[in-house]
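Step one of this worksheet: look at the structure below.
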Amino acid sequence: MHGRVKLKSTAQQEEEKRKEREKKLKIYVAARDAIFTKRMEGVLDDEALQLTQQLLSSNPDFATLWNYRREILLHLETVREEDDVQKTYEAELLFLESCLKVNPKSYGSWHHRGWVSARLPRPDWARELGLCDRCLSLDDRNFHCWDYRRMVVKMSGVPVDQELQFTDRLIGSNFSNYSSWHYRSTLLPLLHPESPDPPSPCHQPSHSSPPPSPQTHSHRVCEEQLLKEYELVQNAFFTDPNDQSAWFYYRWLLGRAEREEMISCVFVSREEERVAVAFSRPVNASSSGLMLVLDGQPQRVEWRSVHPHFRHSPVWICELPPGTISDIINEHNLTVHWTEKHTHRDCALYTGRSESWCRDSATDQELFRSELSVEKTSVLQSELQSCNQLLELEPQNKWCLLTIVLLMRALDPLGYERETLSHFQTLKEVDSMRSAYYGDLCSKFMIENTILKMEYAEVRVFSLSDKNLTMLCHLDQLLLVTHINLSCNQLLRLPPQFAMLQCLEVLEADDNTIENLDGLYYLPKLQEVSLKNNQISKLSDLQLLASCPKLTCLDLRGNPVTQIANIQSELTELLPSVTDLLI
């Protein structure tokens, strides 16, 4: 047995490790307590700096120590010369590099580095960019590093075209670099902004002035550059069809600019002496400077959203003083001013008319699709053909299927409606975990198509029966609808946004699974409601119907609520205006 190394048992090894951990823990706790004591006593010296460095070297995610360290450095700024401060902060940057080696995704380390770099008397931004390059070469999805890089680029004024070349390099080496694709989407609008007066050629920066720095403004991308991007991203998803990074970027390319902030519709009712205003986005009219002028005279009115749940809403209403516009032999001119956005919209209520409106249609607003140039249409058709070819090779690829749907929406949403429905059915089969998402997205597209059809026909009747709808959207576009049919779908509720249908007279929503009627709140013209074969189970679910003053006909057959004892008398008491009750 002599000369052989004695092997320790597993139990002995674990015991020694435990003792070693306890020893390190005691040292750590003692140092931590010493630091806390110094901070409580207001000590801001080099010793405290050294103590915090000891602990942060092993645990760089101790936020309190970084805070204390910044307090010390701020104090040292006041008692040292600029050159000494420069050296102190340069040493801090070196220390931070060691912390990042311990944890490259340390929130505290990256935040502190940004703080130090911003306070350096003479920062070396080239060095910081080099550090970012090294970190991203190790992990190209380190979003802490990406955030820091954007700060460095902004502070140092790196030209946009140089940063775009940086994304070219990273994407070229790895198509799956989601962060690079995203960064590219923020740079392109700066370097190739869309002209405010399309169509026009891409903006060409002047040779006498440098390109702008990133994160100074944001616009859409001009068409010429978009067409080049389509080719780049197509190379990416043909290389790896299952990688989502390029597909997400492609969806961004197919997206449209945010809608212009404006008043999209003004509706006035002589009978109710009510004005309804629809905006292109949800607003808070009580704080947005909304003013109503009637026949040249400003009116003192109180604006309210269509539902108590909404502080911000696309639709706002107000009641005029009694007798203001009720005389049918007089003509009235209204103007709604949105002073916050320096815009307005006029509406004339002519003699003999009980109501009037002035609006932009969904087509006029390019709400669901943008008008395409001949060149862009040709390119998108080519893209659709390429994606269809890829789908033949990868028939189960959900990203390809979804992109084909989006291309069809961009080209001709009505013409491709049948194909769109078929692709959504396939998506639900190949990606069953997200079938609810695809159901909602399909519902959204079907509602958009129906709005377009309604506007082309110039009618106020809206039929969405038997469309397998799982949700409702774009209800602000239905302000003028008088009759809506939602029967034979898969709706669970009528959401609060349904109260935007201020002109609604007849609602059919039979054969759904509706349990909630939150949206049937104070609809002033609603007369008939049919809710046969739904899941309304409590009398309280019908409470909001009492706020509809003209409701006379209600059909609740096939709902659990009809099994409640004395339901007839209960409903009569709850809804006294209803004279035709079917249960």
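In summary, the aromatic rings of W399 and Y250 are positioned with their centroids too far apart to meet the 6.0 Å limit.
Judged by distance alone, with hydrogens and angles left aside, the side-chain atoms of D580 form no donor-acceptor pair with the main-chain N or O of L554 at under 3.5 Å. Side chain of W316 to backbone of L290: no donor-acceptor contact under 3.5 angstrom is found. In this structure a side-chain-to-backbone donor-acceptor pair under 3.5 Å is missing from W247 to L402. Counting only distance, with no hydrogens or angles, the side chain of N177 and the backbone of R141 share no donor-acceptor pair below 3.5 Å. The backbone N or O of I536 sits less than 3.5 Å from a side-chain atom of N559, completing a donor-acceptor pair. Here the side chain of S280 pairs a donor or acceptor atom with the backbone of M262 at under 3.5 angstrom. No donor-acceptor pair under 3.5 Å is formed between the side chain of D518 and the backbone N or O of N516. Judged by distance alone, with hydrogens and angles left aside, the side-chain atoms of S173 form a donor-acceptor pair with the main-chain N or O of L170 at under 3.5 Å. In this structure, S435 contributes its side chain and K428 its backbone to no donor-acceptor pair below 3.5 Å. Remark: side-chain polar atoms of T450 are paired, donor with acceptor, to backbone N or O of M446 under 3.5 angstrom.
Because its NZ or CZ atom is both nearer than 6.0 Å to the ring centre of F445 and within 45° of the ring axis, R409 counts as a cation-pi partner of that residue. F498 does not carry R493 over the face of its six-membered ring by the limits of under 6.0 Å from the centre and within 45° of the normal.
With respect to the salt-bridge test (charged N to carboxylate O, under 4.0 angstrom), the residues E455 and R359 qualify. Between E417 and K453, at least one side-chain N (NZ, or NE/NH1/NH2) sits under 4.0 Å from a carboxylate O, which counts as a salt bridge. The pair K550-E271 counts as a salt bridge, with a side-chain nitrogen and a carboxylate oxygen less than 4.0 angstrom apart. Ion pairing between a basic and an acidic side chain is recognised when a charged N comes within 4.0 Å of a carboxylate O; K154 and E163 show no such pairing.
Minimum interatomic distance between C387 and F237 (heavy atoms only, all atoms of both residues): SG-CZ, 4.2 Å. Nearest heavy-atom pair, L479 versus M500, reported as atom, atom and distance to 0.1 Å: CD1-O, 3.4 Å. Across all their heavy atoms, A246 and A236 have their closest contact at CB-CB, 3.6 Å. When all heavy atoms are compared, the tightest approach of L539 to L571 is CD1-CD2, 3.6 Å. The minimum heavy-atom distance linking C358 with R345 is given by the pair SG-NH1, 3.4 Å.
Rounding to the nearest 0.5 Å gives a distance of 10.5 Å between OG of S465 and CG of D510. The NE2 atom of H182 sits 14.0 Å away from the CZ atom of R184 when rounded to the nearest 0.5 Å.
Other residues, nucleotides and ligands place more than 12 heavy atoms under 6.0 Å from the CD atom of E340. Residue-environment remark: CZ (R311) stays at or below the threshold of 12 foreign heavy atoms within 6.0 Å.
In this structure, a donor-acceptor pair under 3.5 Å is absent between the side chains of N489 and N468.
With sequence neighbours excluded, the residues satisfying salt bridge (charged side-chain N to carboxylate O under 4.0 Å, His left out) with D555 are R557. Considering only residues two or more places apart in sequence or on other chains, Y148 meets the ring pair (Phe, Tyr, Trp, His ring centres under 6.0 Å) condition with W110.
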message: Apply side chain to side chain contact (heavy atoms under 4.5 Å, CB included) to residues V153 and Y183 and explain how you reach the verdict.
response: CA-CA 12 Å; V153 166; Y183 192 30; 3.9 Å; yes
- prompt: Can you list the steps and then say if L390 with N388 is a side chain to side chain contact (heavy atoms under 4.5 Å, CB included)?
  reply: CA-CA 5 Å; L390 179 60; N388 280 324; over 6 Å; no
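Put simply, the residue from H483, M454, Q477 that forms a side-chain contact (heavy atoms from CB on, under 4.5 Å) with F462 is M454. Under the side-chain contact (heavy atoms from CB on, under 4.5 Å) test applied with L556, the options I567, N534, T562 reduce to a single match, T562.
The aromatic rings of F143 and Y107 sit perpendicular to each other, their planes meeting at more than 60°, with 30° as the lower class boundary.
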